[in-house]
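The block underneath contains the structure these notes are about, expressed in structure tokens.
Each chain gets a letter, A, B and so on, in the order the sequences are listed, and its residues count up from 1. As a basis for the values below, the full set of heavy atoms in this structure was taken, side chains included, without hydrogen atoms, waters or symmetry mates.
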Amino acid sequence: MSAPVPSYLLWMVFILPFVGAVLNAALYRAGKARNYATVVFAFLSGAAALDLLLPVLQGQTLSVYSSVIPQSVPWISGLGLRMGVLSDPYSIILANVVAWVSFLVFVYSLEYMKEDSGSGRYFFFVSLFVGSMQLIILSDNLLSLFIGWEMVGLCSYSLIGHYYKDETKDWVGTPGDKALGEDQAYSPSHAGMKAFVMTRVGDVAMLAGILILFLFSGTFNYQQLAGSSSTWLPKLANSGLVVPVALLIFGGAVGKSAQFPLHEWLPDAMAGPAPVSALIHAATMVNAGVVLVARVAPLFYFAVLLNPALGVMAVQPFFLTVAWIGAFTAIMAASQALVGFELKKILAYSTISQIGYMMLAMGVAGLSSDFAQGLAAGLYQLTSHAIFKATLFLAAGALIHAADSKYINQMGGMRDKMKITFAAFLISAASLSGIPPFSGFWSKDAVLGAAWGAGQYGLFLVGAATAAMTAFYSFRMLGMVFFGPKSERLQKVEESGHHVHEPGPLMWVPYVILAALTVVIGLTALTGLVVPSLNIENALEGAAATYINSFYPTQTVAALTSAPAASVASTLSSSGITGLFVAIGFLAAAGLYLARRLDPSRLVGPTGPAHWVYKFLYNRWYINAVYYKVFVDAPIAASQWLSDVFDFQGLFRVNSAGSVLGVSLSAAGNWLDVRVVDGAANGVSSVGQALSRWVRKLQTGVVENYILLFALGVLALLLVLIWGTGAAL
Amino acid sequence: MTSFLLSLLIFLPIAASPLVYAVTRANKRAGIYLSAGLGLLITAVAAYIFWAVYSSPPAPGAFSFVEQHAWVSTSFFGLDYLLGVDGLSTPLMFVSALLTVLVVWGSKRLIDHHEPQYYALLFLFEGAIMGVFSSLNLILFYVFWEIVLIPMFFFIGVWGGERRKYAAMKFILFTYVGSTIMLLGFLYIYFGVHSFDIPALAGHIPAGLQFLPLIASFVGFGVKLPVFPFHTWLPDAHVQAPAPISVLLAGVLLKMGGYGFLRISLGLFPDASFQYAWVFLAVGLVTMFYGAIVALLAKDLKRMIAMTSINHMGFVLFGAYATVVSGSLLGVQGAIFQMFTHALAVGCLFMLSGYVHHQAGTREIPMLKGLGTTMPRTAGLLVLASAAAMGLPPFSSFLAEFMVITAGISAYSITAVSVLVPVITAGYFLWMIKRTVLSRPEGASAVHDMTRADVVAFSVYLVPLVLLIVFSSLILAPAYPVAQYLAGLVP
């Protein structure tokens, strides 16, 4: 079955948010009303995406017919490059996740940013951001993907630094905190710059990778890359570049998705407003890296399969690296989240960790014989994470406002006065922890199941251990915010007349809808165990397979990948082990922070035996501090030294050819001077002095000298002409 | 049919120049409006020519709108008045005309003495520039090339900053020495091949005769572009020149160097170019890095932007010679694109620096604080223009640098290090923005932000840069036959 859809719908998905952004800037006189206009455009973009999603949900493939804008249009004639949009179900699902989560965040922002004088700037950049993100998802070639990629970077730079006046209340981290002598608290403008520069390191690698791929293949288009892989891949392999190029491109994903070693920008990116954290640093931008891997990984995987002469090892190291970076990042960030006190920062560590799971899934895809399974698991995790993490961040915005503090140890006992927020937070935290039947349980299970199925037990164990930590920090956070007695600080705040209260409906409705979605997806997956048509995992795998088939003919893929159905026993054992780990984490957190039976400070407090573990985790494994020492302090010291040693002004003067001329003429003059004086009569005005005087005049910039020179040039020209004509006459 | 449009483009501004002088002398306001109207008219003609060349580009090596008349004619010595344009010259002519209009607008507030002379010289400059970009006879080219220097010298020397005399002198000394050497190169060719006409010379200069004139032209164009180590006049000229003139310096005058490299160094001396291409590539690469690194340390906003220009112009030289080595058309196309986008992006930055200086009384980056609060519109535009100069999408400067880097890598893969240049560029721009825009204002200074009309004027710089990332073929399609032709000349 195929459903006909007009091509312009695909374009609208990313063009409408751009229109919304431009409109916001153009309507600057309309005041706050223009922000509503931007939200309307976000809604329209979502509607276009939904129009495309409905047939996909019914299991139909899309057959795009040309209307208004063809699916692919000529773009850069010099490169013979066309710009087109993808219409496979995998991309459509991604586009919908981004469009609808963004729309809800936009609605929330209407209330959240109401008092902010920079709300116009805010809406301009978020709308531009969503359009760019959709451009990344829908592009059919690496170049327009890269353009979207860089625009996303620009928007996030501006949004992280939204409170650019750098008032102390907007800082991220606790001013005064130091690790290895490096400040661990940053102003918003610093955080924005840090994010931009750090992700740009990845972007440079990515650009280099794309360029090398282009030089070998002559194209940026995925379809053409897939079609011509039998010509470019052997060439690439002969130069030993297959894995390096794939890893270079992956570098971009490491930066944008905040994976080790380029993850340090994300915790500090929490200096932006809460909806920005929800939108960019949870639901969308950090997923860009996953999208990139989903585009590039199949190219290499199938290209190698189609060229059996190269052997599987030609690309295996790439997938191993991706999977292990994902797994390592997941456990590292989760461990840092265990001890965090800033609500949004804990969520940020959690985001890094959860994206690690997605990378793990993508890497595992390439290590198994069932590529579509890993790809589908990645998408599953991405979708469910985007929804529950957006809920958590949006709720966090409301909580921080209500408690007038960003620290969870300055909250406590808030569940009575904020019941709605508590419910949404609880559902999402349970989902994040991987507690059934919420969506996060199923998606995490899919990822770890894929690792188990591929025989990667090491990766599986790291993932399972991470799941235990995840359950722990989720419920630690929940317990400290909502349970127990009110903190002293909160009591004081309430005494001063600031009451803990639910936010307005424009704020809570969006995150309640998102929390409800978490439940709906979870329950659908549960029903899917008995009703095959509702099995989300299978549906996503179907979508992933259709996506791969849109590049490679069906029979090729089918012949190359034989997917043995996972046995019930293996599925159960992987789920069982994961469940065990989650239970451990959950019970520990419940004892410490819900029931409050034990006091954790006896173990990790300043006098506790494990205080050093706490310090190590709290200071982000000291990675951040070391980066500042090596990449910030050292270059500044070096350039300081350089400018102390070399006087740059002096260099310029020496460099200046005019002065060089002057200096050498003066020197010649002096030389003559000395010779004349030495050799003969004293006090004779030497040629050298005259020469020096002339040179000095030249240097002081007397205009007549210039005119003289100019006239000489014209004279030369005239002489040539006269000489030429005269000779003929 | 012989067209007269190119002659119109050259001589209309020159002829109108005294009129502008007289009107401005009588009434300053009327003079400015006359200048703006005249500028728009010239821009319209240039746009028509641009569009005509876009819709039917001349074949490789051929020209459109050709005008040919005998100029100096004797039995031994002949000079033609020969004009013509192709996809290399029309974007530059169009952007020059557009910038002139914007400069008139920007000068309204920033130029406050000797206005009649100023606006009159502006049109003398514009006419000469049109002559440079459309002359196909080497001597005619040289004549216009030199005429350009006269108004520029006075612009810096009369309307410049404190050290204007020194800067004007340095400017003239450098460019003048460069162009004299260039002229010697032209004469050398003449005595070998007996022609000054570019179409007649192309492909007919024996390889043995190409080396010396190539070096001569390298000096001439290299000073203008400028390349390391002939660049030291540029920061001084920029720092001293008034902001609108910096726009012309960076946006128009530097392009003469890039144009010369493509039209003459590559077009007339392909064999020698090919032989020594690696030297020029290296010079281009060094220039790119040098400009970027030195900009990092600049304290004066304008000096920083000037260094950005050096960095960006390095791309032009680099792209041109990448095509010579690799045959990849991306190099020349990218170089032409880069010249166009740089003119608008850096033009915008210079004009902004002028506004900032005018209002805040300083351009020292460490002294400028809290622009985001005190001058939000100016600051917003400064951020956008910086993004454009950094080569950040959606600004098409990204595509231009991207194409040049690609061509470079296909010439020598080691030149992949050039991807670091945009990173350094981003670094110093962000640092500048952090210090000037994203900081708290110090003290209560009564500064005025720009008006909405000014914002509209500034968007004329930036909007085309965004549109061109979608409609890149406006520049790249007509540049294609040019690139094809130049690549085809290489042995």
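With respect to chain A, the highest number of heavy-atom pairs below 4.5 Å among B:Ser410, B:Ser473, B:Pro422, B:Pro394 belongs to B:Pro394. With chain B as partner, the option from A:Ile212, A:Asp203, A:Leu154 having the largest number of non-hydrogen pairs under 4.5 angstrom is A:Leu154. Counting heavy-atom pairs closer than 4.5 Å to chain A, the top-ranked of the candidates B:Leu430, B:Val470, B:Val437 is B:Leu430.
Counting non-hydrogen atoms of neighbouring residues, nucleotides and ligands closer than 6.0 angstrom, the OH atom of B:Tyr188 exceeds 12 such neighbours.
For the pair B:Leu476 and A:Trp75, the minimum side-chain heavy-atom distance is 4.5 Å or more. Between B:Leu399 and A:Leu143 the shortest side-chain heavy-atom distance falls below 4.5 Å.
Nearest heavy atoms, A:Met193 versus B:Lys434: SD-CD, 3.9 Å. Across all non-hydrogen atoms, the minimal contact from B:Leu392 to A:Glu150 is CD1-OE1, 3.4 Å. In terms of heavy atoms, A:Arg200 sits closest to B:Ala426 at NH1-CB, 3.0 Å. Nearest heavy-atom pair, A:Met151 versus B:Pro393, reported as atom, atom and distance to 0.1 Å: CG-O, 3.2 Å.
Both the backbone and the side chain of A:Ile147 come within contact range of chain B, judged by heavy atoms closer than 4.5 Å. Heavy atoms closer than 4.5 Å to chain A are found in the side chain of B:Ile433, but not in its backbone. B:Ile409 touches chain A through backbone and side chain together, each having a heavy atom under 4.5 Å away. With a 4.5 Å cut-off on non-hydrogen atoms, B:Val383 does not touch chain A at all. When heavy atoms are compared at a cutoff of 4.5 Å, B:Arg164 does not approach chain A at all.
Taking CG from A:Leu207 and OG1 from B:Thr406, the interatomic distance works out to 7.5 Å, rounded to the nearest 0.5 Å.
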Steps toward ring pair (Phe, Tyr, Trp, His ring centres under 6.0 Å) verdict (B:Phe429, A:Tyr157) = CA-CA 13 Å; B:Phe429 269 110; A:Tyr157 166 71; over 10 Å; no
